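Just so you know, these numbers come straight off a predicted model, no measurement behind them. Each chain gets a letter, A, B and so on, in the order its sequence line appears, and its residues count up from 1.
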Number of protein chains: 2
Amino acid sequence: MTNLEPPKARRVYLLLRDRIASGEYRARSSLPSEPALAEQNGVSRVTVRRALDQLASEGLIERRPGAGTFVKGGQASLPMTGDISNVLAHLVEMGQTTEVKLLSFGYIVPPPAIVEALRLDPDERTQRSVRLRLIDGQPFSYLVTNVPERIGLSYSEADLASTPLLELLERSGLVAERASQTVGATLAGPDTAEPLGLEVGAALLSMTRVVYDPSGKGIEHLQALYRPDRYSFQLDLQRTGAGDARSWKPVDRPRKVAAPARSGRRAPARRPAMEKGSAE
Amino acid sequence: MTNLEPPKARRVYLLLRDRIASGEYRARSSLPSEPALAEQNGVSRVTVRRALDQLASEGLIERRPGAGTFVKGGQASLPMTGDISNVLAHLVEMGQTTEVKLLSFGYIVPPPAIVEALRLDPDERTQRSVRLRLIDGQPFSYLVTNVPERIGLSYSEADLASTPLLELLERSGLVAERASQTVGATLAGPDTAEPLGLEVGAALLSMTRVVYDPSGKGIEHLQALYRPDRYSFQLDLQRTGAGDARSWKPVDRPRKVAAPARSGRRAPARRPAMEKGSAE
DNA sequence: CAATCCTGTATCATATTTAATACAGAAATC
DNA sequence: GATTTCTGTATTAAATATGATACAGGATTG
């Protein structure tokens with residue numbers, strides 16, 4: 001009756017893209033032939049073709065008439081990684097440049113989810129800002145912050161575009177004492193897809209962070225959405241103790257530890273890396 | 001020419017679902033009318049209708065002829081949360097039951113990404129297993145592990161279905177000394193969507209973990225995919241030190257600290273929670 | 001009760017997606 | 001060089017998604 005599933009060509013495209021990224025089809029080697037792919041996925045060759053067209057237009061594969069379709073190993077621009085236990089630190093550049101675009105700014109009546117998270121009084125308003133963070137001119141995160149109105153008034157709209165929010169808060173004499181972060185995944189909607197330069201329906205890494213002052217009142221609510229191909233979280237752990245007391249402890253990212261595995265069944269990665277964990 | 005984007009009805013569906021989950025449309029209150037939604041999204045009413053049909057069939061909204069469409073506040077079954085700094089601990093149940101289904105098991109020539117991550121010799125084979133983890137009979141994670149062949153031989157296929165892999169490895173006398181975890185997001189492909197009970201194209205939270213022994217050799221490569229509506233990572237942080245030395249430290253999840261913000265622009269959450277961080 | 005706004009339902013037209021099929025030309029194999 | 005296998009291209013038909021429109025009937029408002 002009603003079919004809300006993605007079109008078949010898209011399915012095949014996603015599948016192949018994933019397999020290429022995960023290294024299942026090795027670079028410089030060939031993919032199965034179009035007829036083979038068609039049969040494997042139960043679709044027609046025309047459909048397979050459309051998926052391949054897309055991959056080719058993104059530069060992921062190379063097609064040689066008569067020969068086959070080949071994975072274009074190469075400069076898969078690697079994602080930055082944020083040290084998840086230190087995501088609150090300022091963003092330190094490593095030759096790369098990050099800039100911030102302020103997409104929207106204003107005072108609103110926050111949705112109930114935010115009221116609850118920040119423990120606001122009913123009808124208390126918040127300053128809501130939407131920012132886009134770019135690296136080398138390429139957007140990689142979409143940030144929606146809510147700050148209680150009285151706090152938000154302590155800095156200007158222009159400040160937001162240049163200074164990390166937490167720093168602004170602390171300058172105002174506020175103390176960020178505790179924070180709670182949750183990491184999940186969502187799909188890009190029309191509103192988030194466009195500024196991030198993605199299609200609607202792309203996968204996004206999401207982080208929600210609530211920062212509290214010593215009294216337990218909420219200071220900041222951040223909803224961050226990341227392009228997983230440009231940003232991911234990393235946490236390095238070290239075993240400590242012995243016997244039953246053995247447990248894992250986060251360690252300050254041992255640099256150059258390994259060719260670290262990438263997330264999301266994606267590309268193998270030599271890591272250019274950033275010296276310190278980055279914020280937002 | 002070629003359009004690989006999801007159908008419009010799906011876009012609207014995703015958008016609304018996100019807004020409902022994020023609390024943007026409050027529970028027990030009404031959504032904009034069908035004509036309004038149609039205009040806002042630049043689609044016809046018929047299309048909006050299809051999106052609403054889907055939401056209704058999932059029980060997220062309630063439609064009252066003549067009156068409007070209402071958000072069905074309710075028992076949005078909350079996601080489990082894993083303490084991200086402790087994801088290596090065993091899974092401890094809290095009244096809930098987890099079981100494991102072994103979907104596939106065998107020895108393979110691993111893709112290059114795995115070879116690199118585990119620092120295998122070229123042509124060294126790995127034991128690859130695919131497992132599905134369920135809670136209360138509902139799947140929430142899809143796990144692909146690769147272990148160097150010589151190590152994998154130290155335990156049986158049946159062991160895998162009952163015992164956490166890391167425990168098996170340590171029983172064999174191996175020492176897990178260091179681990180590296182990367183968290184990202186992907187889309188569900190046909191292969192992962194089906195066992196997880198999702199549609200193709202759904203968002204997945206992904207974690208890649210590589211465990212090393214003291215010599216720096218890779219012991220285990222885990223690629224985990226989570227349903228974000230059933231599982232998410234959480235990290236609680238506490239400010240320590242003073243002045244320039246101020247920094248954030250992970251803290252063992254302070255229970256009942258707040259109505260914690262949820263990930264992915266999703267539902268507000270009272271948290272039933274698990275006592276200890278869970279594995280995989 | 002009348003006016004209005006909403007959802008439920010149906011019909012018809014159009015654009016797009018998918019499939020089935022055929023054939024040309026490039027590349028690899030023997 | 002002949003054969004096979006592959007991609008490039010085109011044409012057709014069917015299925016599907018989308019849009020435009022109309023109207024019935026419940027809910028709400030005044």
Just how far, in rounded Å, is P of C:dT7 from CD1 of B:I61?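 Spelled out: CD1 on B:I61 to P on C:dT7 is 10 Å.
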Using the C1' atoms of the five pairs at each end, what is the angle between the end axes of the helix from C:dC1-D:dG30 to C:dC30-D:dG1, to 10°?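 Between the first-five-pair axis and the last-five-pair axis there is 40°.
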Whole angstroms only, please: what is the CG-C1' distance between B:L37 and D:dT18?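 In whole Å, D:dT18 C1' lies 17 Å from B:L37 CG.
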Sugar-phosphate means primed atoms, P, OP1 and OP2; the rest is base. With that split, encode nucleotides 3-8 of chain D 5' to 3' as B, S or - using protein heavy atoms under 4.0 Å. --BBBB
Under the salt bridge (Lys or Arg N to Asp or Glu O under 4.0 Å) test, residues paired with A:E124 that sit two or more places apart: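 Testing A:E124 for salt bridge (Lys or Arg N to Asp or Glu O under 4.0 Å), a comparison that skips the adjacent residues, returns A:R150.
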State whether B:T47 places a side-chain N or O below 4.0 Å from either non-bridging phosphate oxygen (OP1 or OP2) of D:dG19.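 So the side-chain polar atoms of B:T47 do come within 4.0 Å of the phosphate oxygens OP1 or OP2 of D:dG19, strictly under.
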Apply salt bridge (Lys or Arg N to Asp or Glu O under 4.0 Å) to A:E149 and list each qualifying residue two or more places apart in sequence or on a separate chain.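 For A:E149, the residues satisfying salt bridge (Lys or Arg N to Asp or Glu O under 4.0 Å) (neighbours in sequence not counted) are A:R125.
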Should the pair A:R17-A:D229 be classified as a salt bridge under the 4.0 Å nitrogen-to-oxygen rule?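 Answer for the salt bridge query: no.
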A:F140 and A:Y231 aromatic ring geometry - parallel, tilted or perpendicular at 30°/60° bounds: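 A:Y231 vs A:F140 ring planes: parallel.
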Pairing residues for B:E194 by the side chain to side chain donor-acceptor pair (under 3.5 Å) criterion, not counting sequence neighbours: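 With neighbours one apart ignored, the set is empty.
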Which heavy-atom pair separates B:R10 from A:L187 by the least distance, and what is that distance?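 Closest heavy-atom pair between B:R10 and A:L187: NH2-CD1, 4.2 Å.
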Inter- and intrachain pairs under salt bridge (charged side-chain N to carboxylate O under 4.0 Å, His left out), touching residues 37-46 of chain B, at least two apart: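 Sorted pair list: B:E34-B:R45.
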With respect to the side chain of A:R50, which nucleotide from D:dT18, C:dT18, D:dG19 is positioned closest?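 Selected nucleotide: C:dT18.
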Under 3.5 Å side-chain donor-acceptor pair for B:T208 and B:T182: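 Side chains of B:T208 and B:T182: no pair found under 3.5 Å.
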Can you tell me how far P of D:dG19 sits from CZ of B:R11, to the nearest Å?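 Rounding to the nearest Å, CZ of B:R11 and P of D:dG19 are 10 Å apart.
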Between C:dA19, C:dT17, D:dG19, spot the one nearest the side chain of B:K8, thanks.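 Looking only at heavy atoms from C-beta outward on B:K8, the closest nucleotide is D:dG19.
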Over how many whole Å does the gap from A:Y13 atom OH to C:dT18 atom P extend?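 It works out to 15 Å between those atoms.
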